[in-house]
Amino acid sequence: VALAAVPPSGGWTDLSYSIVGKYGITLEQVGMISDGYTDGSWRPWNNIPRNQFTKMAVDAYKIPLKNPATPSFSDVPASDIYYQYIEGAKAVGLINGVGGGKFAPDATITREQAAAIIVRWVAQKNGYDPATMYSDAEAASILAVFPDGASVSSSLKKEIAFAVDFGVIWGTADGKLAPAATMTRIQGAAMIIRSWGIIPTVEPEIPADIALVS
């Protein structure tokens, strides 16, 4: 179904302040990073596919769109409505494919995939590098606070350790990390919106022998 922007002031038929309030976000914030559907709905409880989440992230972080002549993924052709968003995300290292030159745009994104996308952007923009700031043992120790922390994909362990460390991803109601669980549209939007102000910028180190004067 084609997406269409619907201003929050006009309202979506199925998204209210009472719903978004439970996630600590506002309708206005949701409107800044996402579109509704042509029938006036927003469908908060629908699972969010990888292409929609990528578009939300690109809009949220104001990442430039890209329109290369040759697609990066064989299953996201230039005619795809998400093409420029996915290519923009690829250009800044926000996303990876699923192997075989594919992106699997319509597959429902998992919690660990969504958190990793967020971490790749906000970590670098705030001066962090999860690949070097945690050893394998330290990442495993952080993830071990959850009974299923060891089930995080091996290629994402340090990124998800960062996400846990800084509160990008929370545990589920039953106390699990559930890295392979799917996400709804409202959960995905909330995770992105909360990331705007959750990670402090690394302060530059000033050598002790440098005197600062006004």
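Residue indices begin at 1 and follow the sequence shown.
- The structure places CD1 of Ile19 at 5.0 Å from CH2 of Trp45, a figure rounded to the nearest 0.5 Å.
- Checked against salt bridge (charged side-chain N to carboxylate O under 4.0 Å, His left out), Glu112 has no partners two or more places apart in sequence or in another chain.
- Although no hydrogens or angles enter the test, the distance criterion places a donor-acceptor pair under 3.5 Å between the side chain of Lys158 and the main chain of Ala131.
- For Asp148, the salt bridge (charged side-chain N to carboxylate O under 4.0 Å, His left out) criterion is met by no residue, not counting sequence neighbours.
- In this structure, the side chain of Thr54 engages the main chain of Arg50 through a donor-acceptor pair within 3.5 Å.
- Separation of atoms NZ (Lys157) and CG (Asp136) is listed at 9.5 Å; rounding is to 0.5 Å.
- To the nearest 0.5 Å, atoms CD1 (Ile186) and CH2 (Trp42) are separated by 4.5 Å.
- Side-chain atoms of Tyr83 and Pro68, non-hydrogen and from C-beta on, do get closer than 4.5 Å to each other.
- One finds the CG atom of Asp106 at 9.0 Å from the CD atom of Gln52 (value rounded to the nearest 0.5 Å).
- In this structure, Gln113 CD and Ile160 CD1 are separated by 9.5 Å, a value rounded to the nearest 0.5 Å.
- In terms of heavy-atom proximity, Asn126 sits nearest to Val122 at ND2-O, 2.7 Å.
- Residues in residues 174-184 take part in these side-chain hydrogen bond (donor to acceptor under 3.5 Å, both in side chains) pairs, two or more places apart or across chains: Thr172-Asp174, Thr184-Gln187.
- Residue Ile169 holds its CD1 atom at 13.5 Å from CZ of Phe162, rounded to the nearest 0.5 Å.
- Under the salt bridge (charged side-chain N to carboxylate O under 4.0 Å, His left out) criterion, Asp14 pairs with no residue, sequence neighbours left out.
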Listing, residues 90-103 side-chain donor-acceptor contacts under 3.5 Å, not counting sequence neighbours, or none:
none

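- Note on Trp170 and Ile117: separate hydrophobic clusters, where clusters join Ile, Leu, Val, Met, Phe, Trp and Tyr whose side-chain heavy atoms are under 4.5 Å apart, directly or indirectly.
- Judged by distance alone, with hydrogens and angles left aside, the side-chain atoms of Ser41 form no donor-acceptor pair with the main-chain N or O of Tyr37 at under 3.5 Å.
- The side-chain hydrogen bond (donor to acceptor under 3.5 Å, both in side chains) pairs that include a residue from residues 59-71 are Lys55-Asp59, Tyr61-Ser195, where partners are two or more places apart or lie in different chains.
- Of the possible donor and acceptor atoms, one in the side chain of Glu87 sits under 3.5 Å from a partner among the backbone N and O of Ser72.
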request  = List the steps and the verdict of side chain to side chain contact (heavy atoms under 4.5 Å, CB included) for Trp121 and Val58.
outcome  = CA-CA 10 Å; Trp121 180 257; Val58 167; over 6 Å; no
